[in-house]
Amino acid sequence: MASKLPFELNNPKIFHDKALVGGEFVEAKSGKRFDVYDPGSGKVWATAPAMGPEDVDDAIKKAAEAFESYRKVNPRQRAKWMLKWDQLIRDNFDDIAKIVTYECGKPLKEAQGELEYSLGFTWWFAGEAERVQGTVQVPAAPNRRVFTVKQPIGVAVALVPWNFPVAMILRKVSAALAAGCPMVVKPSPETPFSVSALAYLAQEAGFPKGVFSVLPTSMENTPALSEALCRHELVKKVTFTGSTRVGKLVAKICADGLKKVTLELGGNCPFIIFDDADLDYAAEQLMALKYRHAGQACISANRVFVQKGIYSKFAEVLAAKTRALKVGHGASPDTTMGPVTALRALDNAEAQVADALSHGGKVVAGGKRLQNTPGYDGGYFFEPTLITGGTDQMLIAREETFAPVLGLFEFETEEEVVRRANDTSMGLASYFFTKDVDRTWRLLENLEAGMIGMNTGNQSAAEAPFGGIKESGYGKESGKDVAINEYLITKTGTLTLK
Ligand code: NAD
C-alpha cells in the first residue's frame, strides 16, 4: 500500500500500488517501478510496478489454472459474486471516484457519473450469466437432431485506455467473468490504481483468486508487455480499446495465433443540428457530450454540423456556454472541466487550433493552453475552445480531436450533411437533432456508424450494444447476448436417432 496519498480515503485498503497475479499483490520481476502523474498538477503522486514480458507467463498460467475450476462454477454463483462485487463497489464509491480523478484528471462529479454508469455493467452481466443458452434444431436429414452448447472460451486479455478507467474495466471484466472466463487486464500507464481497487474488491466479493489479474506497466514497457500477452498460447481472447493505430497492431499480432478479438477504436463523430431542432436542448446535449473529460471520449462530438438558417444563433448560444465552463483541478468542487490526461494532448490541441486558423477558422471561445499560467501551475489545462467557420480540410474535421476543441461546420441540405458526415474512415457514433420523423428514420439508416444518437447525446448503456464499424473496430461490448458471446464458443452436437 502507498505510503502517502494526496487525498484521504475512507477505506485505504482499496488502494494497491502493486500488480495482481494469481490473487497475490506482487512487484515486477525486474523490480522496476514507474511514476504516475496527477494531470491537475503535473506532479507525480504515486508509483506502480513496471511489469514486463517476463511477468506474462506466470500471470497467464495462473489465470489458466483458475479457469479449470472457474469454468465449472454454475452461472448463478457467478451472478451472486457479481452482485456482491457491485455492492462493494457502491460501498467504496467515493474513494474509487477520487482515485479516478487523480489518475485521469476528470472532475469528481464526472468520476462519480462514470462509476454510476459503469455499475450498469456489473448488474447487467450478472443477469447475462444466467441467460447463456444453447439451441435444439430438427434438420432436413431424417432422424437427426442438432444441438448447440455455449462454453467459456478461456483466458481473456484486456488492453484498455485511460479515459474511462472504470467503465472500460467493468464493461470488459464483467462480461468475461459472467461467461466463465478469467481476465488479465493491462491498464494504461496513466490509470493503474482504479483497476487494482476494482480487482481487490472482486476478490473480496468471492471471485476465486486468479480470475481477475492486473499487470500495470510504464509507457516504455507497454508495446512489449502487450505483445507478450497477445501472443501467449493460453490466451484465447483479446479485447482492446484504444486508438485505431494501436488496434491495427494488436489485430495483426492476434492474427498470428488466430485469437478472437474485439476492437473498440477511435471515432470522428458527427453531431448534426437541423434548423427545426430545439436549439437550447441540442446545445446542452452537445456541451455535456463534448466537454465531458475535456473532450477525451471516443464517442465525443468531433464535427458539429449546423444548418445554415440557425448557424449564427447556435454559435452564439454555444460560445456563451463554452466561456462559462470553470476549468480547474478535478478535486475542486466548482470545477466543470478538468485537465487533459496526458501532457502530449496539449501540443495536439494547440496544433489543431493553429491549423484551423490557417484555414480561415475563427476562435470564438478559448483557444489557448493554460498550463504554466497563473492559477494553473503545471496542470495540463487547455481552454474550452470553440471554432466557427469549420471546413472539411481542417485537422479538427479529419482527425479525432481528443481535446476540448470544437469546430462548427455549416451545411444546407440533408443530402449534403449525410455525405460529409460519412466522409471519414471512422464509424463509431453519430448524433442528430431534428423534429422530423421521416428524416429520423432516413438518418438512422444512412449514417455510417455503429451507434446513432437521435435527439440525444447520451446513448451509452449496459443494455445497448456498444461498438463501431469501419475503422472504429468490430465486436460489441454491451447489450443482450452479443457482448457475452464475445467470451463464448459455440459447440455443435449432431445426434442420429435410431
Ligand atoms: P492507445 O491506443 O494509445 O492505448 C490503448 C491501450 O493500448 C493502452 O492500454 C495502451 O497502454 C496500449 N498501447 C499503447 N501503445 C501500444 C503499442 N504500441 N502496442 C501495444 N499496446 C499499446 O489509446 P489511448 O491514447 O490510451 O486512448 C485514446 C484512444 O482510444 C482514442 O482513439 C479513443 O477514441 C479510443 N477509445 C475508444 C473507445 C471505444 O470504445 N471505441 C473507448 C475509449 C477510447
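In each ligand, atom 1 is the first atom listed, and ligand 1 is the first ligand listed.
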Checking a contact table here: which protein heavy atom is nearest atom 14 (C) of ligand 1, and how many Å away? Thr222 CG2, 3.7 Å

Checking Phe402 against Trp162 for the ring-ring contact (aromatic ring centres under 6.0 Å, His included) test, could you report, in this order, the C-alpha distance in whole Å, the side-chain angles of both residues, the deciding distance, and whether it holds? CA-CA 12 Å; Phe402 238 60; Trp162 42 263; 5.7 Å; yes

Nearest neighbour of atom 30 (O) of ligand 1 from the list Gly242, Pro161, Gly473, on a heavy-atom basis: Gly242

Heavy-atom contacts with Ser226 under 4.0 Å: which atoms of ligand 1 show up? List them by number with element. 20 (C), 21 (N)

For Phe164 together with Tyr117, are the ring centres under 6.0 Å from each other? no

Tell me which part of Glu400 gets within contact of ligand 1: side chain, backbone, both or neither, using heavy atoms under 4.0 Å. side chain

Ring-plane angle category for Trp85 and Phe207, please: parallel below 30°, perpendicular beyond 60°, tilted otherwise. perpendicular

We want to know whether Thr239 and Glu486 form a side-chain donor-acceptor pair, criterion being a heavy-atom distance below 3.5 angstrom. no

Could a heavy atom of Phe164 be found less than 4.0 Å from some atom of ligand 1? no

Using 30° and 60° as the class limits, which term best fits the ring planes of Phe193 and Trp45: parallel, tilted or perpendicular? perpendicular

Does the residue Gly468 have a heavy-atom contact with ligand 1, meaning some pair of atoms that are separated by less than 4.0 Å? no

Counting only heavy atoms closer than 4.0 Å, does ligand 1 sit against the backbone of Thr241, its side chain, both, or neither? both

